[in-house]
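Only a predicted model underlies this, so the values are computations on that prediction, with no experimental measurement involved.
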Amino acid sequence: MEQMLEALKKIESEAKTVFGRVSDRDELNNLRIRYLGKKGELTGILKGMGKLSGEDRPKVGQLANEIRQTLEEVISRKSEELEEAALKQQIEAEKIDVTLAGTKIECGHFHPLTRIIDEIKDIFLGMGYEIGEGPEIENDYNNFEGLNLPKDHPARDMQDSFYISEDILLRTHTSPMQVRTMAAKVPEYPVKVICPGRVFRRDDDATHSPMFHQIEGLVIDENISMADLKGTLLKVMQQLFGPDREIRLRPSYFPFTEPSTEVDVSCGICGGKGCRTCSDSGWLEILGAGMVHPHVLEMAGYDSTKLQGFAFGFGVERIAMLKYGIDDLRVFYDNDVRFLGEF
Ligand code: PHE
């Protein structure tokens, strides 16, 4: 009997060390079978119990049971330990470091000219204007004749353009939208509309491009005067460039407005004192405007004794150049992302 008890104790201590070293769940299971399984070491020893006396048998049985219990506890503790370690390892492997820099997705944005056009649209929408759009390929009547520029008019020379046929051309300004708007609305009034778009002329240098953008404005109503034109343009310029800007009206000539005026805005760089940007004048030329010529109203079918109107044409590139301090307008069309990325 003593021998059996010794053997049992030996198994216990041996098993404890072995289990202590296990580092893997499959290995633990194999060892469990080796020690505690049906053909395991513990059972192997108990097979010899038949030879023991009735008195000794319970003692051996009791020790064997105690050992089995202890080892089972060791195994279950070890199993938990291994499970926890495995989970920890998995979490570690799947961990996301939110402080790491991500993959940068290049994001585009609107072209500076589109932004200026949108800004001007918003300002006019706020003043109750409609927004219109028209074709870039125009007929001679809408581009010239309906605007008081008959075929042999010398003012046509300033707006030479690209002709598709004798009667069809790329529009030289957005003013044909005055003719189109009036034709669509007559005899309805009031008319309050702006029309942004591309225009084309035979020009090409640092401050002139063969294609550029304008925004046409047209208002027709009763009792419209030059004061309405000036007040409207002042409000727009102050919203666009800042509340301390002033405007100045200079006499000018357009066949479709009478009187006609060139509108300047006070220079934002020198505050009107005079500097290089404004050629020491304190003013920057920004648009053409005037009271709609009575003959233009009559040609469109409006009664010029009852109604008056004003019209204006912004140069979008000019405004963008002044607003962003750009001295060569060709950069707007170069599609250089180093330039466009600045906005
Ligand atoms: N269409 C003129 C131009 O391109 C500008 C203008 C528009 C002038 C409306 C008066 C009224 O030069």
Side-chain angles (χ1 to χ4, degrees), residues 83-138 162 170-171 173-174 177 193-201 203-217 233 235-245 265 267-269 275-277 284 286-287 312-343:
E83 213 159 303
E84 222 169 279
L87 188 67
K88 227 175 174 177
Q89 202 180 9
Q90 194 186 350
I91 289 172
E92 204 60 42
E94 288 176 1
K95 201 155 89 176
I96 295 164
D97 183 352
V98 291
T99 65
L100 272 179
T103 327
K104 194 173 169 206
I105 298 165
E106 288 290 340
C107 187
H109 60 72
F110 286 118
H111 191 278
L113 292 177
T114 308
R115 281 186 32 188
I116 294 278
I117 291 171
D118 285 348
E119 219 175 296
I120 295 173
K121 275 187 189 168
D122 275 349
I123 294 170
F124 279 102
L125 279 172
M127 298 196 297
Y129 281 65
E130 286 175 54
I131 294 171
E133 242 181 78
E136 291 164 11
I137 301 173
E138 259 301 0
F162 304 88
L170 296 187
R171 64 178 177 190
H173 49 180
T174 43
M177 284 310 291
V193 67
I194 59 158
C195 306
R198 282 192 195 91
V199 302
F200 307 84
R201 286 191 203 173
D203 271 332
D204 198 5
D205 61 41
T207 54
H208 296 88
S209 151
M211 185 283 298
F212 59 105
H213 298 76
Q214 287 189 335
I215 299 179
E216 194 75 12
L233 293 178
K235 266 273 156 299
V236 173
M237 290 310 152
Q238 290 182 340
Q239 285 195 51
L240 206 52
F241 290 109
D244 48 352
R245 291 304 185 98
V265 63
C267 179
I269 293 177
C275 68
R276 243 181 53 200
T277 307
L284 300 157
I286 212 148
L287 63 110
F312 54 83
F314 287 87
V316 177
E317 281 79 355
R318 260 211 103 79
I319 291 177
M321 287 167 81
L322 294 177
K323 200 168 158 109
Y324 300 129
I326 293 161
D327 57 8
D328 188 336
L329 107 172
R330 288 170 290 203
V331 292
F332 288 126
Y333 315 118
D334 283 347
N335 277 342
D336 186 337
V337 287
R338 286 171 305 177
F339 166 75
L340 297 173
E342 294 288 311
F343 295 88

From I269 atom CD1 to L284 atom CG, the distance as rounded to the nearest 0.5 Å: 7.5 Å
Minimum-distance pair of heavy atoms, taken over all atoms of G132 and V193: N-CG2, 3.9 Å
Heavy atoms from other residues, nucleotides or ligands near CG of D327 exceed 12 (cutoff 6.0 Å): no
Heavy-atom neighbours of I131 CD1 exceed 12 at 6.0 Å: yes
Within 6.0 Å of CD1 in I96, more than 12 heavy atoms from elsewhere: no
Euclidean distance, I120 CD1 relative to I215 CD1, rounded to 0.5 Å: 3.5 Å
E84 side, atom CD; L87 side, atom CG - distance, nearest 0.5 Å: 8.0 Å
Under 3.5 Å: donor-acceptor pair, side chain of Q238, backbone of R245: yes
Nearest heavy atoms of M321 and L329, plus distance in Å: SD-CB, 3.6 Å
Sub-4.5 Å side-chain heavy-atom contact between T174 and F314: no
Residue pair C275 / C267: nearest heavy atoms and the distance that separates them: SG-SG, 3.7 Å
Non-hydrogen side-chain atoms of I117 and F110 separated by less than 4.5 Å: no
Euclidean distance, L287 CG relative to F312 CZ, rounded to 0.5 Å: 8.0 Å
Side chain proximity check, M211 to Y333, heavy atoms < 4.5 angstrom: yes
K323/E119 ion pair, N-O < 4.0 Å: yes
Rounded distance (nearest 0.5 Å) linking atom CE of M127 with atom CD1 of I123: 7.5 Å
Q239 vs D122 side-chain heavy atoms within contact, under 4.5 Å: no
Exercise: identify the closest heavy-atom pair between E216 and G313: OE1-CA, 4.2 Å
Where I194 and G217 come nearest, the two heavy atoms and their spacing: CG2-CA, 4.2 Å
For P196 against E133, the heavy-atom pair lying closest together: O-CG, 4.0 Å
Chi angles and distances behind the side chain to side chain contact (heavy atoms under 4.5 Å, CB included) call for I286, F241: CA-CA 12 Å; I286 212 148; F241 290 109; 3.6 Å; yes
Separation between CZ of F212 and CZ of R201, rounded to the nearest 0.5 Å: 4.0 Å
Sidechain-backbone polar pair: R171 side chain, R198 backbone, donor-acceptor under 3.5 Å: yes
Qualifying residue, where the test is side-chain hydrogen bond (donor to acceptor under 3.5 Å, both in side chains) with E317 and the options are H213, R330, Q214: H213
Within-4.5 Å side-chain heavy-atom neighbours: H208 and D205: yes
F162 atom CZ, over 12 foreign heavy atoms within 6.0 Å: yes
Side chain to side chain donor-acceptor pair (under 3.5 Å) against H111, all qualifying residues, sequence neighbours excluded: none
